[in-house]
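Reviewing the structure listed below.
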There are 2 protein chains.
Amino acid sequence: MQNTNKNTNTTPELLLENQLCFTIYACSREFTKLYQPHLDKIGLTYSQYLVMLVLWEKKQCTVKELGEALFLDSGTLTPLLKRLQAAGWILRERSLQDERKVLISLTEKGAALQSEAACIPAKMAEGTMLSSDEFVDLLGQFKGLLGRIHEANISASKK
Amino acid sequence: MQNTNKNTNTTPELLLENQLCFTIYACSREFTKLYQPHLDKIGLTYSQYLVMLVLWEKKQCTVKELGEALFLDSGTLTPLLKRLQAAGWILRERSLQDERKVLISLTEKGAALQSEAACIPAKMAEGTMLSSDEFVDLLGQFKGLLGRIHEANISASKK
DNA sequence: TTAAATTATATTGTGTGCAATACATTATAA
DNA sequence: TTATAATGTATTGCACACAATATAATTTAA
């Protein structure tokens, strides 16, 4: 990408417009903003919606498994899960086999919420105006990037 | 993308693995994590680093201009800028022409910090192991997507 | 079969991120 | 010129995000 900035005092590597990370960061927040009006209707925040996506798939899992799926730690998940419990969407129960583990499962009400969320992906596709092919292509590329960065973080944490 | 999930109770649109937004969201947080050890050395958080990138380019701007560049609102920027001021990197002054505006500029110390940050982009390139071509390609794709979503949000807010 | 290491979750503190609101200033129009 | 609207920033409240720490349970190894 050509650097079209007039400023010659800053190296191109430090120009905001050349930051891949910033573009992704801004993209993520703008995407969340696009979801919000639809999530408001069913009473979920974006992070809560992600947790529910996992639970609609798996029915039951531990906090640790949720964290691995969503790349979130327990310090983020614990209060979030307590709010989902208070709203009546999920149950939190200690495992009888291993009392360190907290098992998360759906309530009837939480399972039923899936049908109300079913229309959201179509609304998002409409908003972004991506064709199916473009969507699949972008998803594949971003997953590849996510894998690389995740690996880089794992190897960095081992030092 | 082929849906390889065994679960047949969930529509593919609601599977976590098929969420473009989640992939970007996770990507963004993993990227921030990759920056952190390097930013720790110069005493900046990731968001503060982004503000400094803008100031190293523009030398002076208003809070509103910063928000437009970074897609952040004043509710996020004001406390962040106060911390940068407390650390001695920047100055915050009311405009004499229009007293609603707050002008942000670098201190000597803040300007000097740029040379310490200069090595960070290379460290990130090393961590992600992206070739120059791949980097440029991804940046272009993300910028295109960001533009689309930002437009979608603007038109949604007009309703 | 204890002691030590590992594992899993909770708690605390700092720093965003943003909607809603408030407030002051400037611009516009009747 | 005086309402009125628009603009720009600050404040408040809620929800993450994560590092550091604490606590408890399990595993392992001596």
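Treat the numbers as computed from the prediction; the structure is a model and nothing was measured. Chain identifiers are assigned alphabetically (A, B, ...) following the order of the sequence lines, protein sequences preceding nucleic acid strands; residue numbering begins at 1 within each chain.
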Check: A:F142 ring centroid to B:F142 ring centroid under 6.0 Å: yes
Side-chain heavy atoms of A:K41 within contact of A:E116, under 4.5 Å: no
B:T45 vs C:dT16: side-chain N/O to OP1/OP2 distance below 4.0 Å: yes
Minimum-distance nucleotide to B:Q48 side chain [options: C:dT16, C:dA10, D:dA19]: C:dT16
Sugar-phosphate only, base, or nothing, as touched by A:S47 at under 4.0 Å among non-hydrogen atoms: sugar-phosphate
Sugar-phosphate, base or nothing in reach of B:T62, heavy atoms under 4.0 Å: sugar-phosphate
Euclidean distance, atom CD of residue B:E99 to atom P of C:dT25 [Å, nearest integer]: 6 Å
Options C:dT9, D:dA25, C:dC18, nucleotide nearest the side-chain atoms of B:T76: C:dC18
Proximal nucleotide (of D:dC16, C:dG17, D:dA10) relative to the B:Y25 side chain: D:dC16
Sub-6.0 Å ring centroid separation between A:Y35 and A:Y49: yes
Selection from D:dC18, C:dA10, C:dG17 that lies nearest to any side-chain heavy atom of B:K33: D:dC18
N or O in side chain of A:K64 less than 4.0 angstrom from C:dT6 OP1/OP2: no
Touch class at under 4.0 angstrom, heavy-atom based, for B:L77 against every strand present: nothing
Under 4.0 angstrom between A:R29 side-chain N/O and D:dC16 OP1 or OP2: no
Sugar-phosphate, base or nothing in reach of B:D98, heavy atoms under 4.0 Å: sugar-phosphate
Sugar-phosphate, base or nothing in reach of B:E65, heavy atoms under 4.0 Å: nothing
Side-chain donor/acceptor contact of A:R100 with base of C:dT9 under 3.5 Å: no
Distance in angstrom units between A:K101 NZ and D:dT23 C1', rounded: 18 Å
Nearest to side-chain heavy atoms of B:T78, which nucleotide of D:dT11, C:dC18, D:dC16: D:dT11
